[in-house]
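Predicted, not measured: the structure shown is a model, and the values here were computed from it.
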Protein chains: 2
Amino acid sequence: MNTPISTLTIGALAKSAGVGVETVRYYQRRGLLAANGAHRGAFRVYGMDEVARLRFIRRAQALGFSLDEVSELLALDEETDRERARAFAQAKIADVESRIRQLEEMRGALQGLVSCCEHTEAPAPCPILHALANAAEPPARE
Amino acid sequence: MNTPISTLTIGALAKSAGVGVETVRYYQRRGLLAANGAHRGAFRVYGMDEVARLRFIRRAQALGFSLDEVSELLALDEETDRERARAFAQAKIADVESRIRQLEEMRGALQGLVSCCEHTEAPAPCPILHALANAAEPPARE
DNA sequence: GTTGACTCCGTACTTCGGTACAGGGTTTAG
DNA sequence: CTAAACCCTGTACCGAAGTACGGAGTCAAC
């Protein structure tokens with residue numbers, strides 16, 4: 001009766017968020033999760049607060065935040081940092097949108113090559129390879 | 001009169017495609033560019049064919065192809081590999097589109113959080129941080 | 001004939017987010 | 001009591017696409 005309900009070993013914690021044990025340890029090394037806390041015998045045990053924190057990390061990652069950014073998000077206070085959290089999210093939206101635009105440019109260029117290829121008669125050199133080999137401009141540096 | 005026009009040193013070759021010398025050497029190590037060829041004295045020199053090849057590499061990269069994929073593209077023949085080149089480009093389009101969709105999902109989720117934040121009255125805990133801390137489901141594994 | 005810019009070769013380091021051991025110790029179910 | 005399953009610490013490695021650096025050689029101009 002002195003095993004308080006819901007204290008987990010590292011393996012159970014990891015499973016609760018769908019990650020591997022090594023990932024949890026990695027987050028501890030990075031300071032995203034506390035490395036020392038309650039122990040039961042020789043093993044570290046984790047409570048529901050740490051389950052929540054780990055899930056927070058994974059959700060923020062799924063939204064496109066890097067682990068460094070997740071650190072910053074974790075340091076924000078729900079009560080007093082609303083402005084900052086919103087600015088953070090808006091900056092990430094801008095970031096995601098610029099990546100989308102870049103990919104859309106690639107898609108457009110690729111589609112142009114493919115449709116050109118489809119409209120060229122058979123006994124001609126491949127327009128795709130030809131375009132790659134002989135485009136107008138050298139791609140800008142960077 | 002025996003310095004044939006347009007044979008370049010590695011530095012000039014690199015500049016002609018807007019990359020660094022180390023990058024050219026890296027492509028040589030990867031087998032994208034030939035490591036041995038004409039020399040003038042102790043230094044390797046490069047011709048227009050190699051300028052074209054280097055630019056081909058950069059352009060294919062800009063379209064989203066990895067260097068491994070660029071190797072495969074370089075191995076294709078303009079005359080006989082039209083089908084393969086087109087299939088390659090179409091596969092890359094699918095790939096780019098799936099990345100776009102993933103980013104659009106992120107953007108949608110972020111926008112939802114931000115607009116929720118904008119519609120909440122001031123003296124309340126931050127809905128963004130709150131959502132990260134208390135979402136419905138743990139994100140699926142993988 | 002010397003200075004400065006360039007080249008050669010080899011190796012090591014970078015970022016990012018983990019993953020994979022190795023070589024122990026501990027716990028717990030049967 | 002023993003064996004499986006789990007945990008601990010520490011270190012090394014992965015892929016991708018380069019970047020950095022050391023130490024030496026060489027080339028071109030003045």
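Residue B/Thr23 places no side-chain N or O under 4.0 Å from the OP1 or OP2 atom of D/dG18.
A/Cys126 is not listed as a side-chain neighbour of B/Glu83, based on a closest heavy-atom distance of 4.5 Å or more. Between A/Ile128 and B/Leu73, every side-chain heavy-atom pair lies at or beyond the 4.5 Å cut-off. Counting heavy atoms from C-beta on, the side chains of A/Phe88 and B/Leu129 never come closer than 4.5 Å.
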I would like to know whether B/Ile57 and B/Val19 meet side chain to side chain contact (heavy atoms under 4.5 Å, CB included); could you show each step before the answer?
-> CA-CA 11 Å; B/Ile57 294 168; B/Val19 304; over 6 Å; no
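Along DNA chain C, the stretch of nucleotides lying under 4.0 Å from any heavy atom of chain B spans, 5' to 3', C/dT7 to C/dC8.
Within residues 25-34 of chain A, the residues approaching DNA chain C are A/Tyr26, A/Tyr27, A/Arg29, A/Arg30, by heavy-atom distance under 4.0 Å.
Classification of B/Asp49 and B/Arg53 as a salt-bridged pair fails, no side-chain N sitting under 4.0 Å from a carboxylate O.
Listed by chain and number, the residues in a side chain to side chain donor-acceptor pair (under 3.5 Å) with A/Arg30 are A/Tyr26, A/Asp68 (sequence neighbours excluded). The side chain to side chain donor-acceptor pair (under 3.5 Å) test applied to B/Gln90 returns A/Glu118, not counting sequence neighbours. Taking A/Arg84 as the reference, A/Asp81 meet the salt bridge (charged side-chain N to carboxylate O under 4.0 Å, His left out) condition, with sequence neighbours excluded.
For A/Asp68 and B/Thr9, each mapped to the nucleotide of DNA chain C holding its nearest heavy atom, the one lying further toward the 5' end belongs to B/Thr9.
Between the side chains of A/Arg99 and A/Gln102, no donor-acceptor pair is found at a separation under 3.5 Å.
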Mark up nucleotides 21-29 of chain D, 5' to 3', with B wherever a protein heavy atom is under 4.0 angstrom from a base atom, S wherever such an atom reaches only the sugar-phosphate, and - elsewhere.
-> B---BSS--
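Across A/Ile10, A/Thr9, A/Val51, a single residue satisfies side chain to side chain contact (heavy atoms under 4.5 Å, CB included) together with A/Tyr46, and that is A/Ile10.
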